[in-house]
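Below is one structure; the comments refer to it alone.
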Amino acid sequence: MERLLEKFRELGPFGLAGMLTALCRGLYYKLYFAASGGRVRIGFPFYAYGTAVITGPGRVTIGKNCAVFENVFKGLTIQTLSEDAIVEIGDGCALGGTTIRARGRVVFGGKVMTAVCLVQDVSYVNANSADEGAPSPIVLGENVWLGADSVILSGTRIAGHSVISAGSFCMDAEVKEYCLASGSPIKRPLPIEMITKMRARA
Amino acid sequence: MRDFIALLRGSLFTLYCRAFKRNISIGRGLRIYKRLSVTGPGRVEIGRNCSVFGMAGDSSQYTCLHTIDPGALIIIGENARLYAARINARFEIRIGNGVLMEEAGIIDTDFHSIEKDRAMPADEKRDKCAVTLGDGVSVGSRSFIMKGVSIGDRAGVLPGSIVLTDVKAGSKVAGNPAKALQ
């Protein structure tokens with residue numbers, strides 16, 4: 001209780017009002033998607049500081065305590081392209097300006113933080129689906145941070161606690177735990193520990 | 001129903017262009033699902049059976065064709081599908097038949113300069129800056145095609161790539177600057 005009061009004091013009256021508005025908006029989204037078919041499930045404290053647009057026939061699950069922020073005029077956009085599409089977003093994610101377009105499976109772990117980025121498991125959304133085979137899934141581990149303007153395409157697997165730097169391009173890439181991946185397309189993800197050591201030496 | 005409304009919008013736009021905007025010529029069967037904005041003094045030619053869409057879930061973006069010079073030329077072939085594409089021509093942009101463009105941009109000049117006297121670069125030539133896209137090219141979302149690039153038939157530009165050099169026919173390119181994938 002004391003912690004909660006402390007947090008309220010930190011936020012101040014305007015911050016508190018903003019948070020309550022976001023909470024109400026999130027509740028509205030939750031109820032709206034629950035009423036419209038139940039294909040989209042959103043966990044309860046869902047802070048919608050920005051707009052969340054979820055379209056398509058597939059299944060979308062968003063965990064508890066997630067937040068959507070308005071980042072470069074864009075909130076969260078999720079588009080599922082087929083009935084088999086599954087988008088799973090873990091607990092405590094901070095999604096700002098993320099666009100997810102899925103025909104197969106897209107999984108975000110808990111506490112994923114994103115900037116304006118594109119997560120898409122098909123190369124062309126509106127091309128005939130027969131041209132490409134079944135898309136390979138995109139799996140993001142826990143505590144992953146996606147930089148601004150990064151593009152994540154099919155077959156990308158990012159293990160927990162990794163960072164994808166701004167403007168990078170991943171396709172069929174594999175990033176291990178605690179790594180920093182950068183480049184377009186990404187090359188040789190380096191362990192963050194090593195980078196900090198190099199910094200200290202220089 | 002949506003198709004019918006799109007066809008109606010397309011034919012209305014065609015009539016409007018025939019009456020008031022003589023620099024725009026549009027073939028039969030244009031479908032406009034989301035706003036199409038054609039501006040500028042240059043010439044714009046759109047082939048038969050083209051369709052213009054917006055990206056689903058993104059209401060802010062629409063297709064823009066803009067010419068910034070009276071001598072500029074944009075030619076779009078038949079059966080092209082433009083999903084919120086942005087095309088900006090100072091010289092010449094030719095797009096083949098059956099092209100798919102998603103939320104991508106084409107520009108054939110560097111006129112977006114911070115300094116005012118460099119706003120229209122004087123050293124740009126028409127034959128060096130013209131952009132050509134072949135038949136059946138697909139361009140992924142958030143990618144960009146820069147000046148002087150020609151893309152071969154049935155080539156693919158993956159999402160998020162910046163194309164600075166020519167692309168061979170039938171190949172796939174990705175990254176910044178875009179390179180061919182193995």
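This structure is a prediction, so every number in the text was calculated from the model and none was measured. Throughout, protein chains are lettered first and strands after them, A, B, ... in sequence-line order, and every chain is numbered starting at 1.
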Shortest non-hydrogen contact between [X] and [Y], atoms and distance:
X      : Y      : answer
B/V139 : A/Y124 : C-CE2, 3.9 Å
A/P185 : B/G175 : CD-CA, 3.9 Å
B/R81  : A/A127 : NH2-CA, 4.4 Å
A/S123 : B/P159 : O-CG, 3.3 Å

Between [Y] and [X], is there a side-chain heavy-atom distance shorter than 4.5 Å?
X      : Y      : value
A/M171 : B/L181 : yes
B/E103 : A/T99  : no
A/F169 : B/L158 : yes

Quiz item: Salt bridge between B/E102 and A/R101, side-chain N to carboxylate O under 4.0 Å?
Solution: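 Between A/R101 and B/E102 there is no salt bridge, as every charged N stays at least 4.0 Å from the carboxylate O atoms.
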
Check this for me: does any side-chain nitrogen of one of B/D58 and A/K74 sit under 4.0 Å from a carboxylate oxygen of the other?
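So B/D58 pairs with A/K74 through a salt bridge.
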
Is it the side chain or the backbone of A/C117 that comes within 4.5 Å of chain B heavy atoms, both, or neither?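 When you check distances to chain B, only backbone atoms of A/C117 fall under 4.5 Å.
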
Should the heavy atoms of other residues, nucleotides or ligands under 6.0 Å from [atom1] of [X] be counted, would the total exceed 12?
X      : atom1 : value
B/K34  : NZ    : yes
A/Y178 : OH    : no
B/R126 : CZ    : yes

Among A/L153, A/V125, A/V151, single out the residue with the greatest number of heavy-atom pairs under 4.5 Å to chain B.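 Most heavy-atom pairs within the cutoff with chain B belong to A/V125.
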
Q. Looking at A/T77, A/V53, A/N126, A/L118, which one has more heavy-atom pairs under 4.5 Å with chain B than the rest?
A.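 The option with the most such pairs is A/N126.
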
